[in-house]
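Quantities reported herein were computed from a predicted structural model and do not represent experimental measurements. Note that ligands are numbered from 1 as they come in the structure, with each ligand's atoms numbered from 1 the same way.
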Amino acid sequence: MTSKPNDRLSLTGKTALITGGASGIGLETAKVITQAGAQVSIGDRNEAALQEAQAQLNDQGISLETMYLDVTKEDSVVEVMRRVATLGSLEILVNCAGTGARMEATELPLERWQEVLNVNLTGTFLCSREAAKSMLQRGKGSIVNVASIMGLIGGGVYPNPAYQASKGGVVNLTRSLALDWASRGIRVNAVAPAFVRTPLTQSLLAEDGMEEKLLARTPLGRLVETHEVADAIHFLASDAAAMITGHTLPVDGGWVAQ
Ligand code: NAI
């Protein structure tokens, strides 16, 4: 053992792509892993949010690339990987783009079901597949998927069946790809956050009594902070997690331990 703990957490010299990086958890992760030394690109399909993120990061002295990316579109994913390759060999992929559809199954139109599955599960597959092509050539890479506690449990707070199904799929895709690529130098892990205050949960958390209900079910008694998810992603992406693959790490204040 020659390196020091902080060296193993360093991402200096590594090129990273974060999907859904214009907002919430993805944006915070961009800040954290840039500070850890990575050269980061963020991809997102919300162009206004991308511009806002770029301005916010510039103000904070953080420099990174922003790119239009729709993770559900194969040609968009391929194009972004091509652009990232011009910046350096991609070593870290964070699949963070996500969406939900809070409706009972009997009310859920097929198009909404498919949209949620397309973004959360198919998008994770497509980006991982394209990223792995270059990672496998170098025998080196770390993929971190953003699942959810809702991929580990059936829900139970309000109906969101497409989200639960998609995130459950992400958890098992994580195991599957981890096993397929383990002998070729690529690790694949996931984080499973409980509730974080972001644009995705804004309307949910504004509902009467909802926040109290969620806190009552969280052993540590508070919402998750974006940086707490970003720190877990940073750890899994780094050499500090060199012996961890196929794992989903809850960042949930004890929710799934109950
Ligand atoms: P957010 O809404 O702030 O960020 C999600 C980003 O994904 C947005 O910028 C959005 O434009 C982008 N996106 C959506 N569809 C896309 C597509 N097809 N292609 C590219 N980008 C796309 O939400 P948040 O909360 O930061 O969510 C990030 C991830 O964390 C999601 O996968 C979400 O499911 C997951 N998560 C969030 C939790 C929370 O409580 N906020 C809890 C557990 C998991």
Side-chain angles (χ1 to χ4, degrees), residues 17-32 41-54 56 66-77 79-81 93-102 112 114-127 130 144-153 155 157-158 160 162-171 173-174 190-206 210-211 214-215 217-218 222-230 232-233 248-253 255-256:
L17 170 67
I18 303 174
T19 76
S23 170
I25 294 168
L27 181 56
E28 187 66 23
T29 303
K31 292 178 194 167
V32 166
S41 298
I42 56 180
D44 204 290
R45 76 172 166 191
N46 183 335
E47 296 191 83
L50 271 179
Q51 278 176 14
E52 240 175 77
Q54 178 80 272
Q56 195 195 110
T66 56
M67 301 174 189
Y68 174 79
L69 167 66
D70 184 341
V71 299
T72 69
K73 303 272 186 322
E74 203 164 17
D75 52 356
S76 176
V77 174
E79 171 59 17
V80 159
M81 295 299 167
L93 169 68
V94 181
N95 283 307
C96 196
T99 190
R102 248 179 336 118
R112 287 297 301 278
Q114 282 168 336
E115 165 70 4
V116 175
L117 269 287
N118 279 345
V119 175
N120 296 359
L121 184 54
T122 308
T124 298
F125 159 69
L126 273 180
C127 293
E130 291 308 308
V144 184
N145 298 324
V146 181
S148 162
I149 54 167
M150 295 303 167
L152 299 169
I153 59 175
V157 187
Y158 48 79
N160 200 352
Y163 189 78
Q164 261 83 273
S166 68
K167 294 297 186 177
V170 169
V171 169
L173 180 65
T174 300
V191 292
F195 290 84
V196 190
R197 195 180 301 282
T198 67
L200 187 70
T201 52
Q202 197 172 12
S203 64
L204 173 80
L205 293 172
M210 180 56 79
E211 192 168 336
L214 298 175
L215 297 189
R217 296 187 60 161
T218 311
R222 61 174 176 81
L223 297 177
V224 185
E225 300 290 334
T226 49
H227 73 82
E228 292 171 321
V229 184
I233 293 171
T248 294
L249 175 62
V251 185
D252 67 344
W255 188 305
V256 303

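- Taking 4.0 Å as the cut-off, L69 counts as a neighbour of ligand 1 on heavy-atom distance.
- Taking only non-hydrogen atoms, the option from Q202, K167, R45 nearest to atom 32 (O) of ligand 1 is K167.
- For atom 5 (C) of ligand 1, the nearest non-hydrogen atom from the set C127, P193, G98, G24 belongs to G98.
- The closest side-chain donor-acceptor pair between T174 and N145 falls under 3.5 angstrom.
- Annotation: the span from M81 atom CE to L93 atom CG amounts to 5.5 Å, rounded to 0.5 Å.
- Residue, atom and distance of the protein heavy atom nearest to atom 18 (N) of ligand 1 are D70 OD1, 2.9 Å.
- The ligand atoms of ligand 1 that sit less than 4.0 angstrom from a heavy atom of T201 are 39 (C), 40 (O), 41 (N).
- With a heavy-atom cut-off of 4.0 Å, I25 touches ligand 1 through backbone and side chain alike.
- Using 4.0 Å as the threshold, G100 has no heavy atom nearer than that to any atom of ligand 1.
- Taking each of V196, L205, L214 in turn, the one with a heavy atom nearest to atom 39 (C) of ligand 1 proves to be V196.
- Residue contacts with ligand 1 include P199, since one or more of its heavy atoms lies under 4.0 Å from the ligand.
- Per-residue contacts place C96 under 4.0 angstrom from the following atoms of ligand 1 (heavy atoms of the residue considered): 28 (C), 29 (C), 31 (C), 32 (O).
- Residue A147 touches ligand 1 through its backbone alone, judged by heavy-atom distances below 4.0 Å.
- Of the candidates V251, N46, D44, D44 brings a heavy atom nearest to atom 9 (O) of ligand 1.
- Here atom 42 (C) of ligand 1 lies nearest to A194 when heavy atoms of A194, P250, S148 are compared.
- Using a 4.0 angstrom heavy-atom cutoff, G123 does not count as in contact with ligand 1.
- Near G20, meaning under 4.0 Å from one of its heavy atoms, ligand 1 places the atoms 6 (C), 7 (O), 12 (C).
- Annotation for ligand 1: atoms under 4.0 Å from non-hydrogen atoms of F195 are 40 (O).
- Checking A48, A53, A97 against atom 13 (N) of ligand 1, the nearest heavy atom belongs to A97.
- A distance-only check finds no donor-acceptor pair linking the side chain of T72 to the backbone of N118 [under 3.5 Å].
- The pair E211-R197 meets the salt-bridge criterion, with a side-chain N (NZ, NE, NH1 or NH2) lying under 4.0 Å from an Asp/Glu carboxylate O.
- Only side-chain heavy atoms of T198 come within less than 4.0 Å of ligand 1; its backbone N, CA, C and O stay farther off.
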